[in-house]
Structures are given as C-alpha cells and as structure tokens.
Amino acid sequence: MPASPLSTSLRTHPCGSLRAEHTGQTVTIGGWVHRARDLGGLVFLDLRDRAGLVQVSFDPKTASAEVCALAASVGAETVVIVEGVVAERPEAMRNADMSTGAVEVRGSSLRVVGPASTPAIPVARGRNEQLAAEELRLRHRHLDLRREDLQRNLVLRHRLMQRTRRFLADAGFLEIETPILTKPTPEGARDYLVPSRVHPGEFYALPQSPQIYKQLLMVSGYDRYFQIARCFRDEDLRADRQPEFTQIDVEASFVQQDDIVDIAEELIRALWVEGESSFPSGRVRRMSYADAMEGYGIDRPDLRYGLMISDVSGVFRGADFVVTRTALDAGGRVRGIRIPGGAALSRKQVDEIEAVAKSAGAMGLLRLKRVNGVLEGPPAKFLGDGAVDALGLAEGELGLYVAAADHVSHAALDKVRQDVAVRMNLVPAGVNEFVWVTDFPMFERDAVSGALTAMHHPFTSPNPDDVSLLDTEPWKARAVAYDLVLNGTELGGGSIRISDPVVQSKIFGLLGIDDETARTRFGFLLEGLRAGAPPHGGIAFGFDRITMLLAGATSLRDVIAFPKTTAARSMFEGAPSPVSADDLRDLHIKLES
RNA sequence: GGGGCCGUAGCUCAACUGGUUAGAGCACUCGACUGUCACUCGAGAGGUUGCGGGUUCGAGCCCCGUCGGCCCCGCCA
C-alpha cells in the first residue's frame, strides 16, 4: 500500500503531505528548494512540491560533512531528492503557518537532480513583497506556475472539470468530441483561419463554438451530449476574454426550456459546491429580458443590491422644462434611480456619477433630492407641489434621472447603478445572486439600416406565442433563449433550437440570408433538420469565467495555465511567429511586403 | 480601429521644478554564524533608465515616433 498516490520509485511521500503521524518514518522526498537558511553548522531547506512545503534540516551530527556542505550550497528552485527521518519538532520550533509545521525531515542524504539557475522572477516571496510584473510572470510562466496561488487555481480548475464530467455523465449525457478544423462562418465573431495545404486557396476555421455539430448530434439521435470544448474567436481581448477559451457545452433532445434550465441549474449548483462558494437554496429566480432592461437597464442585472430603475415620465409630462420636454416629445422617457441617503452626497461626488452617465452616452443627469420634506435640485422649479411624493422620494433620498430614448437611459442608468452601489457600499460581500434572464428578443435591429441580426444565434427557436409576429413585426418576437447571470456576470446561455426546417428557412430569410447563401453556409444543418430532428436545445457555460469567479481571481489569465496577452500573444513560447518561406509556399500563401 | 495608464539593476521600487558619479530592499557572489523558518551580520558585484529621434548648456524626467504590457470603448451571432 503506497503512502500516497503520488508515491513513486524515486520518492515515498510528497513534501507537503508529511504530518506528525509520519514521525519516526524514514522518507524520501523530492522537491524544489523554496528557501534556504544556512546557520553555519546547521542548514535548513524548505522543500516545495504541489502538495506544499516541508522543512528539511541538515545537522552535522546526523548527516555527513559532504551532505551538509552540499545543502549549504544549493540555490532557490534547485530540484533535490532528500532521504531522512520525519521528526516531531519541539514545541518552540513549530511553525503554525505551515501545514507541515509540526514536523521536519532530518536529512541524511541529498541529491541535486535538477540544478537551477537563479530564477528570473522570485517564486518564494516575503510578506508584503509585490508580485513581479504580469508581463514577466507570463514570460517566465514555468516559474510563475510554481506559485501556490496559481497551483491552487489550476487544481480548482481540474476539480471543476471533473465535477462537470461526473455530473453530466451521471445525468445521461455523452461526452463527444467535435472537430477543431471546421468550416468558416461569416456570421458572428471573426474566425481563426487555418490554410489547407492540400486544397490551395481554401481554409479551415477553428470553431467559435460547436453549435452546429451538437445540433447534428441531436438529429443523429445521441439524445444528450456534452463537451468541455475549446473555442476560438479572433476578437480583441479583455481581462475576462481570451482568444481561445473553454466552454461547458450541453445539448439535449425532447426538451423544453425548463428541462435545460433545471439541469443547468443543478450543474452550476454542483460546481459552486465543489468551489466552496455559496449557492442559495431553492430555485434560481427568473426575470424576463424586458423586466431586466426596465428595472436594471441591462440583460445581466446585478441583484445583490436594489437601486431599481423607475419610470417617472408622468411627473415631468407637461412640465415647462426643455430637457425633459425634448426627450418626451421625441418618444423618450424620464427614468432614474433613488439613492437612500444620497442627499448627503457632495456636488463633486454627484458630478463624478454624472461623468459615468455621460461616458455611457447620456447628456447628463437630472438631480432631485428630498430635504426636510422639500424637493430640491435644478429641475425642482419646473415641477408642481406633489412632485416630491410622485417621484417616490423618501427623506434624504437623491433621485438621479436620465431623460432620453430607452437605449440611452438603459446604458447610462446601468452604469450609474453600478457606480452608486460601489460608492455607497451597497454590494454585500460573499453573497451570490443568481438569476435566469429569459424571453430574449429574437432579433436586434440595426439603428441605421433597420436590418435584423440574431440576438442569440440564427438557430434559436422563436417563442411559439410570437410566431405570428414574424410576418408582421419580427423585431417584437421573443426567442426561447435564456442566460444564467450571477452578480451581474453572464455565466452562460442557451436556447431551444429550431427543429423545423421550414421555420429555419424563414428565420434565415428574416436575417437577410438567401437560400443560396444558407445552403453554402449552413446546408449541412438544414439537411440534418430535414432528415428528422427531435425538439432540442441546450446551453453553454464559460468554464474559464466560472473558474475565475470560484477562484476569486480577477483575470482569466490566473486560471489558464498558458494564457495569451491582450495582444493575443503568448509571451512564454512566443506565438504567433513568422514561418519559413517553404512552409508558406506549401500553403500557397504569399505575404504582402 | 480609438482612449487611458505603465516601462529605471535579475525582482520590487526611489530619484524635488530638467542639474554633481542614477539610489534602497530582496535576489546573486564571497566571508562569519549549530534551531532557523522573510535567519542574522560583514563585504562585493550588478545600469545602453524598453528602443529610435528631437528640444536643451544639460534629459530617467519635456516633445515626436516605435516596441511591449495592463485597463477600457468599439468588436465579441
């Protein structure tokens, strides 16, 4: 019976696994020299492996002079194998900060198996010592990945991945791989393209998602599919966006929205348990897209705090105030939020909030507050006596309003709401507010051309109640699409798909995709639908983002072993890079000089 | 495509309004030290101030360009 699953022919135990119960055992351990303390005759090495740190002591009384001299000479990050006896430390010499702090290994032999040059960035840091610049951490990723934080994040990522597989497999889902070399799709994000050597002038694309493949698997009767799928999008990056990312991709047959929502909710619950974060008991609440936009100005509302948006157009209607009258006459509304205690905010603070609203596209913020029962603020003089109550302002409350078209006030009030929540300390710590946002519109209408584009994707099923709208006012039709949102972050989303080829053709038509184009781009899907498709639908979750949230990280780069920079470059191996003229010739590619 | 911030020793940072030989801690090298755990103490070495140009008597500092990183907008069906 091995002492640990990590035991090998070269070591008996991982360094970080040793405890008081091992006292008296002769052990062989291998690890990286985390830190060395040479006291003259006595040498201490802290040895590190993925299980943790353990102190090894070399004493001339129990180790040869040669071993002690070697121990005194090894530098940080050298890999050594040590044989010794586990000894309980005397009370005064224990280290409560180390999980192995009750014991140490009394080294009797020492072998340097991996000599190391002085590390370019430190792995062991003192208290209060800053992390190296991220650029250097990415360039020397092999060193950065030795840090406990990143090791913990990647272990968590592994656990979440295994939990996902176990959960979905137990629920009858089959893990099926789909191609990485796929067909370019002109819609949506820019594709990463791969030139074909065999077919001059033709290209594969890396998948933005396995969407069409998973629908075809439903057509083929696999009933329930999942994949922890790598996806690629050639778009500009953010802290929470990488060009290659991983999603938990799920699709099922003979389902309706609630079937997918139920199973997805249980999956996320299982992952939050695995990640030791809180998941509220009971069902996750649901909110329509329309309600989310009306109350929060965004389709992924942060429900950890109030500050709901309300429509106060009625209070301003008829007021001789040019700002609101212009907006109302143009078909806009006056909407805003009430901030409890906001009357105490300084002019400068409210100016800062207004700057947030302006940067989101609003012309400005109307300010009204209730002080001693009286309405104060620049627009107050245009309003009647009852306005303070009509606005619903309580004593000490500040109302901030945007008079504009909805698309402007949505964006501005969303940003204002978030800013005020942080500013007024209204975001409770450790709270997770999940919400399903449902009933998304089928289409978005281009403000200039009026052209329709798919809000989710062109395979999303229209709401059966809204099918008649497709012929009259398609922009009003709702889709059977749903997003799971946590604290203002989208975790994932999905839809019930179109399983009727006639409906699919109709949607393509509304999107301005003619039959010929539909055939060349999506012919294989249409053919599949015509071959007998069950009702089906699914969902996809951003696995990197979920891991980031559960790890408490602020950047995806901290939960991906080898991430790209914001310029989509890999600092470690230096990709992308030029290729030889021969390779280009083979691929039939000529570079413009 | 656009906006903002940043780049000084291996690492983290300092250097007044543009002014003498660009400093400190850690790491590194050498020496001392038998219970440390961010060991301690002494000495030493370590710099094309990202790169290129300009302004100036004089540039780490100001200006222009460029490279790289980070954050944001656009973009991300």
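What you see is a predicted model; the values in this text were computed from it and never measured. Just so it is clear: chains get the letters A, B, ... in the order the sequence lines come, proteins before strands, and each one is counted from 1. All values below were derived from every heavy atom in this structure, side-chain atoms included, with hydrogens, water molecules and symmetry-related copies excluded.
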- Message: Base of B:G25, side chain of A:Q130 - is there a donor-acceptor contact under 3.5 Å?
- Response: no
Is there any protein nitrogen or oxygen under 3.5 Å from a nitrogen or oxygen in nucleotides 7-10 of chain B, and what are the pairs?
unit_1 : atom_1 : unit_2 : atom_2 : d
B:G10  : O2'    : A:A120 : O      : 2.5

- Pairs in or reaching into residues 474-483 of chain A: which pass side chain to side chain donor-acceptor pair (under 3.5 Å), with residues at least two apart or in two chains? A:D466-A:R478, A:E473-A:K476
Tell me which nucleotide, if any, is Watson-Crick or G-U wobble paired with [N] when both distances must be under 3.5 Å.
N	answer
B:C70	B:G4
B:G25	B:C11
B:U20	none
B:G65	B:C51

What residues in [range] put a non-hydrogen atom under 4.0 Å from any atom of RNA chain B?
range	value
residues 77-94 of chain A	A:R89, A:M93, A:R94
residues 506-521 of chain A	none
residues 480-494 of chain A	none

Whole angstrom value for the distance that separates [atom2] of [N] from [atom1] of [X]:
X	N	atom1	atom2	answer
A:L53	B:A38	CG	P	11 Å
A:L42	B:G35	CG	C1'	6 Å
A:R35	B:U40	CZ	C1'	15 Å

- Task: Indicate for each nucleotide in nucleotides 70-77 of chain B, in 5' to 3' sequence, whether protein heavy atoms under 4.0 Å reach the base (B), only the sugar-phosphate (S), or nothing (-).
- Result: BSSBBBBB
State which residues pass salt bridge (charged side-chain N to carboxylate O under 4.0 Å, His left out) with [X]; sequence neighbours excluded, sorted by chain then number.
X	answer
A:D544	A:R157
A:E516	A:R519
A:E91	A:R94
A:K506	A:D471

- Message: The criterion is ring-ring contact (aromatic ring centres under 6.0 Å, His included); which residues satisfy it with A:Y225, sequence neighbours excluded?
- Response: none
- Residues at least two apart in sequence or cross-chain that pass ring-ring contact (aromatic ring centres under 6.0 Å, His included) with A:F508, listed by chain then number, are A:F522
